[in-house]
Amino acid sequence: MEIRDFAEQIFFADTLEGKLTNPAAALMSAPHLLPSLTDEQPGDAVDWQRPSRPPHLEIASKRKRKRIPRAESLHDPEMRARTLHAFGNHELMALEMMAWALLAFPNAPRGFRMGLVRIILDEQEHTRLYIERVQAMGAEFGDFPLNDHFWRIAPQIKDPLTWVCCMHLSLEQANLDHAPFYERVFRSFDDHGAADLMKQIFTDELMHVRFGGHWLRHYTPDGESPFENFITHLPKWCEPHRARGLEFNEDGRRRAGLDEEFIARMAEIETSPGPS
Ligand SMILES: [Fe+2]
Ligand SMILES: [Fe+2]
């Protein structure tokens with residue numbers, strides 16, 4: 001299968017099944033076959049556009065959207081369902097953006113494109129698992145209003161470097177803080193299913209951030225600071241505070257392969273109020 005076909009099937013699918021059915025399904029059970037994905041016809045670069053969505057997963061008007069519930073309120077099952085629902089939408093938005101990145105950067109190195117394919121498989125799994133948790137709380141995916149926070153940044157992403165700075169080193173890096181935080185919160189309310197999911201997501205996110213760090217170094221000229229390159233290539237609306245949570249997980253960043261200067265400079269960035 002061509003990578004372009006893989007990406008188009010996800011990005012243009014107008015059903016949830018289409019977004020989550022891996023067109024390269026056989027590869028899931030045999031990841032060693034992944035290198036057999038071909039990339040001979042990556043096609044022309046595709047500008048950002050809103051991906052297709054089924055009617056029940058359309059983005060809600062701003063008036064109808066609600067903020068993610070506060071951590072203190074998560075003893076309430078409905079608040080937990082709303083939180084898990086919002087996180088599931090984050091996963092879905094991320095994987096749609098990743099499919100677009102494959103369409104937008106046809107000339108990126110093969111390692112970059114293959115790495116993105118692997119990450120999309122993880123994000124599809126994360127979306128599925130969040131939906132299962134939402135259903136375990138008696139709700140359905142699509143029951144609560146959905147936002148488009150990640151998509152708003154997409155038109156500002158013009159090349160693979162700004163892509164890794166925004167997606168992998170901002171949105172995903174922040175999850176190295178958010179995921180352990182929510183694992184602890186869910187566990188404190190005896191929701192071990194949700195807590196275990198946050199733990200799995202943290203583990204997978206280490207690899208996704210590692211991918212971002214690798215390509216940031218690749219695109220940083222010799223002798224220059226990857227952190228400086230990161231800061232100067234953040235696209236509009238992807239401010240540095242989006243790359244961290246309230247509790248800074250230094251060790252997680254080290255495990256994700258970020259260098260000591262990068263970690264120290266990140267720790268100095270003022271915090272954001274939390275995931276949105
Ligand atoms: Fe994810
Ligand atoms: Fe991720």
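Numbers here simply count residues along the sequence, with the first being 1. Each ligand, and each atom within it, is numbered from 1 in the order the structure gives. Note that the structure is a prediction, hence the values are computed from the model and not measured.
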Of all N, O or S atoms in E91, identify the one at the shortest distance from the Fe ion (ligand 1).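 Considering only N, O and S atoms, E91 comes nearest to the Fe ion (ligand 1) through OE1.
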Roughly how far apart are [X] [atom1] and [Y] [atom2], rounded to 0.5 Å?
{"X": "E205", "Y": "T203", "atom1": "CD", "atom2": "OG1", "answer": "10.0 Å"}
{"X": "I201", "Y": "L129", "atom1": "CD1", "atom2": "CG", "answer": "7.0 Å"}
{"X": "D204", "Y": "E123", "atom1": "CG", "atom2": "CD", "answer": "8.0 Å"}

In this structure, is the centre-to-centre distance between the rings of F211 and F112 below 6.0 Å?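 Here the rings of F211 and F112 have centres that are less than 6.0 Å from each other.
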Does the ring centre of W215 sit less than 6.0 Å away from the ring centre of H168?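 Judged by ring-centre distance (under 6.0 Å), H168 and W215 do not meet the cut-off.
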Distance check below 2.8 Å: does [X] bring an N, O or S atom to the Fe ion (ligand 2)?
{"X": "E205", "result": "yes"}
{"X": "H126", "result": "no"}
{"X": "E123", "result": "yes"}

In E172, what N, O or S atom is nearest to the Fe ion (ligand 2), if we give its atom name?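 In E172, the heteroatom (N, O or S) nearest the Fe ion (ligand 2) is OE2.
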Among the N, O or S atoms that H208 has, which is closest to the Fe ion (ligand 2)?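 Closest to the Fe ion (ligand 2) among those atoms: ND1.
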